[in-house]
Amino acid sequence: MSISPKVAPPLKGDSDGIYRIVVHGNSGTGKTTLSNSLGQILGVPVFHLDEIHWRPNWVEATSEEMKTELTKLVEQAEVTRSGWIVDGNYESKTGGMMDGYATDIIWLDPPFWEYFPRSLWRTFRRLLRLDKPCAPGCQETFKECFFSSNSIILWVITNHRKARRRYEPRWAADQTSEGGSGRWKRLGDVGEQTRWISEVSQYFKSL
């Protein structure tokens, strides 16, 4: 009689089977899509930091306001013993506080040539009001997108290497082979992201 090898779970979770997940990555790398897919599989709420940071008409929340809202989210989850998914970065505002609470941290790091065209396409769709904005009441304009120092397109271009320099050392140090906790997972191109989501789905269906 053969014994099937034990399959390593695609997510760590905590000892009670609760999943608190943070998804990082440059703008356009697929954070929203992956987070929403995970939320449906796990049955947990998804919170997008863009929607917490931006008020209508592009008014920015302060660091204190963001930390207060995120603290409430964490405290409510503790009371209800439920998980959550948070996607986004905003470390200058949050101090990376959600990483400290997370059981799993997913870093999306696809090649620039793959996701930059998707970012352009998403921008045009938002300009044409075919896709919802990144946050309620924050409609993008052609001028802001292409002829402004706050351009999302410029941000995607200039932040690609910055994001990699920020997250790669953390991911590397967290590997179990380096004595880390193994909370960090790095996903590359859209094919790898899709396969991983499929693995997550199949794993939880088998439980």
Side-chain angles (χ1 to χ4, degrees), residues 4-52 70 73-74 77 81-92 94-116 118-119 156 159-207:
S4 300
K6 186 177 181 180
V7 178
L11 290 166
K12 286 178 64 67
D14 66 13
S15 58
D16 295 320
I18 295 174
Y19 297 88
R20 299 180 297 276
I21 303 170
V22 171
V23 182
H24 288 309
N26 194 16
S27 181
T29 53
K31 297 188 300 296
T32 299
T33 298
L34 185 132
S35 296
N36 288 340
S37 296
L38 278 178
Q40 291 178 357
I41 294 168
L42 299 174
V44 300
V46 179
F47 303 93
H48 307 293
L49 287 185
D50 277 341
E51 296 181 356
I52 295 175
L70 291 171
L73 179 160
V74 171
R81 299 300 298 154
S82 60
W84 43 257
I85 299 168
V86 169
D87 75 48
N89 305 300
Y90 292 102
E91 292 195 352
S92 63
T94 69
M97 61 179 284
M98 299 309 288
D99 285 12
Y101 295 110
T103 61
D104 299 85
I105 303 172
I106 314 300
W107 170 35
L108 302 187
D109 183 39
F112 180 76
W113 59 263
E114 179 189 84
Y115 73 88
F116 182 64
R118 294 205 311 264
S119 297
V156 172
N159 201 52
H160 174 73
R161 291 182 179 177
K162 291 179 182 178
R164 185 166 288 176
R165 286 196 299 267
R166 180 186 308 126
Y167 296 124
E168 190 165 33
R170 302 181 198 178
W171 164 79
D174 186 66
Q175 301 308 293
T176 53
S177 60
E178 299 297 323
S181 65
R183 292 188 305 153
W184 280 74
K185 179 175 289 292
R186 180 182 192 175
L187 298 176
D189 62 33
V190 67
E192 184 177 8
Q193 294 178 28
T194 301
R195 287 191 297 273
W196 183 74
I197 283 292
S198 178
E199 291 175 9
V200 174
S201 179
Q202 291 301 316
Y203 177 81
F204 283 97
K205 285 179 180 178
S206 70
L207 296 180

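Checking side-chain atoms of D174 against main-chain N and O of R183 turns up a donor-acceptor pair under 3.5 Å. When atom types are taken as modelled, the side chain of K31 and the backbone of G25 share a donor-acceptor pair closer than 3.5 angstrom. In terms of modelled atom types and a separation under 3.5 Å, the side chain of T33 and the main chain of G30 share no donor-acceptor contact. Here the side chain of N26 pairs a donor or acceptor atom with the backbone of V156 at under 3.5 angstrom. At distances below 3.5 Å, not a single donor-acceptor pair connects side-chain atoms of H24 with backbone N or O atoms of L108. Judged by distance alone, the side chain of D189 and the main-chain N or O of G191 form a donor-acceptor pair under 3.5 Å. E114 places a side-chain N or O within 3.5 Å of a backbone atom of V190 that can act as its donor or acceptor partner. Counting only distance, with no hydrogens or angles, the side chain of S35 and the backbone of T32 share no donor-acceptor pair below 3.5 Å. Without hydrogens or angle criteria, Q193 side chain to G188 main chain gives a donor-acceptor distance under 3.5 Å.
Atom OH of Y203 and atom CD1 of I41 lie 13.0 Å apart (nearest 0.5 Å). In this structure, W107 CH2 and R166 CZ are separated by 10.5 Å, a value rounded to the nearest 0.5 Å. D50 contributes atom CG, which lies 7.5 Å from atom CG of D87 (distance to the nearest 0.5 angstrom). The distance from the CG atom of D109 to the CG atom of L187 is 9.5 Å, given to the nearest 0.5 Å. Distance CG/L70 to CE/M97: 5.0 Å, rounded to 0.5 Å. One distance of note links CZ of F47 with CH2 of W84; it measures 9.5 Å at 0.5 Å rounding.
Looking at heavy atoms from C-beta onward, I85 lies in side-chain contact with V23 at the 4.5 angstrom threshold. Side-chain contact between V44 and Y19 is absent, with no heavy-atom pair separated by less than 4.5 Å. The side-chain heavy atoms of L38 and V200, taken from C-beta on, include a pair separated by under 4.5 Å. A 4.5 Å side-chain heavy-atom check between I21 and L42 finds at least one atom pair inside the cut-off. Looking at heavy atoms from C-beta onward, W196 lies in side-chain contact with L34 at the 4.5 angstrom threshold.
The two atoms that bring S37 and I197 nearest to each other are CB-CD1, 4.0 Å, heavy atoms only. Across R164 and P169, no two heavy atoms sit closer than the pair O-CD, 4.0 Å. Residues N89 and L49 approach most closely at O-CD1, 3.6 Å, considering heavy atoms. A102 approaches V22 most closely through the heavy-atom pair CB-CG2, 3.8 Å. In this structure, S119 and S27 approach most closely via the heavy-atom pair OG-O, 3.7 Å.
For D14, the salt bridge (charged side-chain N to carboxylate O under 4.0 Å, His left out) partners two or more places apart in sequence, or in a different chain, are R20. Remark: E168 pairs with R186 by the salt bridge (charged side-chain N to carboxylate O under 4.0 Å, His left out) rule, at least two apart or across chains.
One finds no salt bridge joining E199 and K185 here, because no Lys/Arg side-chain nitrogen approaches an Asp/Glu carboxylate oxygen to under 4.0 Å.
The aromatic rings of H160 and Y115 sit tilted, their planes meeting at an angle between 30° and 60°.
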- Item | Candidate pair I105 and R170, rule side-chain contact (heavy atoms from CB on, under 4.5 Å), full reasoning | CA-CA 10 Å; I105 303 172; R170 302 181 198 178; over 6 Å; no

